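Input: a single structure, listed below in structure tokens.
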Amino acid sequence: MTNSSGKALSNAEKQQRYRERQKQSGKKELRGYLTPEALSCYEEIQQKTEWNDSTLLSNAIRLMYAAHKCGQIGILNSWLTEHKR
């Protein structure tokens with residue numbers, strides 16, 4: 001990739017352009033650290049669904065929202081606690 005002056009872009013410049021394009025398309029970047037329990041769940045879901053990180057995170061948030069709207073957060077949290085997940 002080159003910029004308008006013909007000079008090759010650095011990796012940092014490419015990443016910045018990518019982030020800007022994502023923002024312009026209405027996407028927001030989220031980051032965080034996973035507990036060991038959450039990491040094992042993440043790995044199992046990723047293997048079964050073959051989703052990338054972005055798809056997995058987007059769907060996890062949407063499913064959690066649906067559980068909240070249906071009044072199921074307490075039940076799901078209890079299940080996670082009982083099964084040490």
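Treat the numbers as computed from the prediction; the structure is a model and nothing was measured.
Using a 4.5 Å cut-off on side-chain heavy atoms (C-beta onward), Ser54 and Lys27 make no contact. Using a 4.5 Å cut-off on side-chain heavy atoms (C-beta onward), Glu44 and Cys41 make no contact. Counting only heavy atoms from C-beta outward, the side chains of Lys84 and Glu37 never approach each other to under 4.5 Å.
To the nearest 0.5 Å, atoms CG (Asn52) and CG (Leu57) are separated by 10.0 Å. To the nearest 0.5 Å, the span separating CZ on Arg85 from OG on Ser40 amounts to 4.5 Å. One finds the OH atom of Tyr18 at 9.0 Å from the CD atom of Glu29 (value rounded to the nearest 0.5 Å). Atom-to-atom distance recorded for Thr55:OG1 and Gln46:CD is 10.0 Å, nearest 0.5 angstrom.
The other members of the hydrophobic cluster of Leu80, by chain and number, are Trp79 (side-chain heavy atoms under 4.5 Å, ILVMFWY only). Grouped with Ile73 in one hydrophobic cluster are Met64, the linkage being side-chain heavy-atom contacts under 4.5 Å among Ile, Leu, Val, Met, Phe, Trp and Tyr residues.
No path of Ile, Leu, Val, Met, Phe, Trp and Tyr side chains, each step under 4.5 Å between heavy atoms, connects Leu63 with Trp51, placing them in separate hydrophobic clusters. Under the 4.5 Å side-chain contact rule for hydrophobic residues, Leu76 and Leu34 do not share a cluster.
For the side chain to side chain donor-acceptor pair (under 3.5 Å) test with Glu20, the passing option among Gln22, Gln24, Gln16, Arg17 is Gln16; the others fail.
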